[in-house]
Amino acid sequence: MIKTEEEIGLIRESSLLVSNTLAEISAHIKPGVTPLQIDKLAEEYIRDHGAKPGFKGYNGFPNTLCFSMNSAVVHGIPNNVEIKDGDVLSIDCGALLNGYYGDQAFTFALQGISEEVLKLLHVTRKSLELGIEQAVVGKRVGDIGFAIHQYCEKEHGYGVVRELVGHGLGKALHEDPEVPNYGKRGQGAKLKENMVLAIEPMINLGTRHVVQDKDGWTILTRDGKVSAHYEHDIVVKKEKAELLTDFDVIDRKIAKNKNLQEIVVK
């Protein structure tokens, strides 16, 4: 649960590799390409950098990326359906390097999304920042969840998914503690210095309810509305959490891809 500085350094290497993988594939997202083609690029990039895809084979998952489109929340399996304008792509990527995992998700939007969906993406990404602000020594997991839930559901009326949560990270992809995106202030596991967490709000445009697809993996919104998912790996510190993953490298590539909508929180 609590990592040494050496371990944190190794997790940082894995986490930055995942960030760079997401940045690499973001340059290739455009109408007409398929999730499977993007998945292949991600796997090649990770292996070319001496790592293994973190998700491939994990509990039997078949691919490198969890590629969840539009009403898919998480755990989508890459397929041959061509991407088109107006699509929303929540892509979750993991890598295993030097025995430690990195894990990050980012929701990409093709040009042509509605203002309603664009707002959902901004709010979800902002909620991640608000959750991370709570990840300091002495706070509790419930403080993180409260901040995300309050902003997304109470202030903006979106559905905060309950069934899927963030988690600790290290030699295992999923370690304690669980980090729900809802909760009560002052409750849950106490945060200690050098705990490494993956914080990942999954926020629905409509209700919070989800269902599992018949493929056994993909989690879908029950009402068929769009969902968004952003994730950072962080280290709990006394004054301010330290980010291990990086959105800036992804944002820079998105800014150069005319097919993608920029989702930047100021």
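Basis for what follows: all heavy atoms, side chains included, without hydrogens, waters or symmetry-related copies.
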Taking atom types as modelled, find out whether [X] and [Y] have a side-chain donor-acceptor pair closer than 3.5 angstrom.
| X | Y | result |
| --- | --- | --- |
| Thr107 | His229 | no |
| Ser15 | Asp233 | yes |
| Asn70 | Lys225 | no |

Checking side chain to side chain contact (heavy atoms under 4.5 Å, CB included) for the pair Lys253/Glu24: CA distance, chi angles, key distance, verdict? CA-CA 8 Å; Lys253 286 293 185 74; Glu24 172 68 17; 4.1 Å; yes

Using the side chain to side chain donor-acceptor pair (under 3.5 Å) rule, pick out the option among Lys237, Lys3, Glu7 that qualifies with Asn194.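 Between Asn194 and the candidates, side chain to side chain donor-acceptor pair (under 3.5 Å) is satisfied uniquely by Lys237.
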
About how many Å separate [atom2] of [Y] and [atom1] of [X], when rounded to the nearest 0.5 Å?
| X | Y | atom1 | atom2 | value |
| --- | --- | --- | --- | --- |
| Asn63 | Leu36 | CG | CG | 6.0 Å |
| Thr4 | Leu10 | OG1 | CG | 8.0 Å |
| Asn20 | Gln104 | CG | CD | 9.5 Å |
| Asp85 | Asn259 | CG | CG | 7.0 Å |
| Asp103 | Glu200 | CG | CD | 6.0 Å |
| Ser90 | Ile219 | OG | CD1 | 13.5 Å |

Any side-chain heavy-atom pair of [X] and [Y] under 4.5 Å:
| X | Y | answer |
| --- | --- | --- |
| Gln37 | Leu41 | no |
| Asp92 | Glu231 | yes |
| Val161 | Arg208 | no |
| Phe67 | Ile83 | yes |
| Phe61 | Cys66 | yes |
| Pro177 | Met195 | yes |
| Ser14 | Tyr101 | no |
| Ile8 | Leu244 | yes |

Does a side-chain N-to-carboxylate-O contact under 4.0 Å join [X] and [Y]?
| X | Y | value |
| --- | --- | --- |
| Glu153 | Arg162 | yes |
| Asp87 | Lys84 | yes |
| Arg125 | Asp251 | yes |
| Glu43 | Lys40 | no |

Counting heavy atoms not belonging to Glu242, are there more than 12 under 6.0 Å from its CD?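 Above 12, so yes.
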
Counting only heavy atoms from other residues, nucleotides and ligands, does the tally under 6.0 Å from NZ of Lys56 exceed 12?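 Yes, because the 6.0 Å sphere around NZ of Lys56 holds more than 12 heavy atoms from other groups.
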
Any side-chain to backbone donor/acceptor pair from [X] onto [Y]? Under 3.5 Å, distance only.
| X | Y | result |
| --- | --- | --- |
| Ser227 | Ala72 | no |
| Glu175 | Ala172 | yes |
| Asn257 | Ile29 | yes |
| Thr34 | Asn80 | no |
| Asp215 | Trp217 | yes |
| Asp39 | Leu65 | yes |
| Arg140 | Gly188 | yes |
| His167 | Asp176 | no |
| Gln187 | Gly183 | no |

Before you tell me yes or no, could you show the steps for Val123 and Cys152 under side chain to side chain contact (heavy atoms under 4.5 Å, CB included), namely the whole-Å CA-CA distance, both residues' side-chain angles and the distance that decides it to 0.1 Å? CA-CA 7 Å; Val123 168; Cys152 293; 4.1 Å; yes

One pair to check against side chain to side chain contact (heavy atoms under 4.5 Å, CB included): Glu129 and Val265. What are the steps and the verdict? CA-CA 9 Å; Glu129 292 184 359; Val265 175; 3.9 Å; yes

Could you check whether the rings of Phe106 and Phe108 sit parallel, tilted or perpendicular, using 30° and 60° as the cut-offs?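 Tilted.
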
Any link between [X] and [Y] through a network of hydrophobic side chains (Ile, Leu, Val, Met, Phe, Trp, Tyr) touching at under 4.5 Å?
| X | Y | value |
| --- | --- | --- |
| Leu220 | Val226 | no |
| Val249 | Ile25 | yes |
| Ile113 | Tyr230 | yes |
| Met202 | Val160 | no |
| Leu205 | Leu110 | yes |

CA sep, side-chain torsions, deciding dist, call: Lys119, His156, side chain to side chain contact (heavy atoms under 4.5 Å, CB included): CA-CA 10 Å; Lys119 182 181 176 184; His156 291 281; 3.6 Å; yes

Less than 6.0 angstrom separating the ring centers of Tyr182 and Phe146, yes or no? no

Is the gap between the ring centers of Tyr58 and His174 under 6.0 Å? yes

Applying the side chain to side chain contact (heavy atoms under 4.5 Å, CB included) test to Val235, which of Ile11, Val196, Leu243 qualifies? Val196

Reference residue Leu128; test side chain to side chain contact (heavy atoms under 4.5 Å, CB included); the match among Ile148, Ile199, Ile234, Ile203: Ile199

Shortest non-hydrogen contact between [X] and [Y], atoms and distance:
| X | Y | value |
| --- | --- | --- |
| Ala109 | Leu121 | CB-CD1, 3.7 Å |
| Glu178 | Val141 | O-CG1, 3.4 Å |
| Asp223 | Gly206 | OD2-CA, 3.4 Å |
| Leu169 | Gly102 | CD2-CA, 4.3 Å |
| Ile77 | Thr218 | N-OG1, 3.9 Å |
| Gln111 | Leu260 | NE2-O, 2.8 Å |

Intermediate values then yes/no, ring-ring contact (aromatic ring centres under 6.0 Å, His included), Tyr45 and His28: CA-CA 13 Å; Tyr45 188 87; His28 299 275; 9.8 Å; no

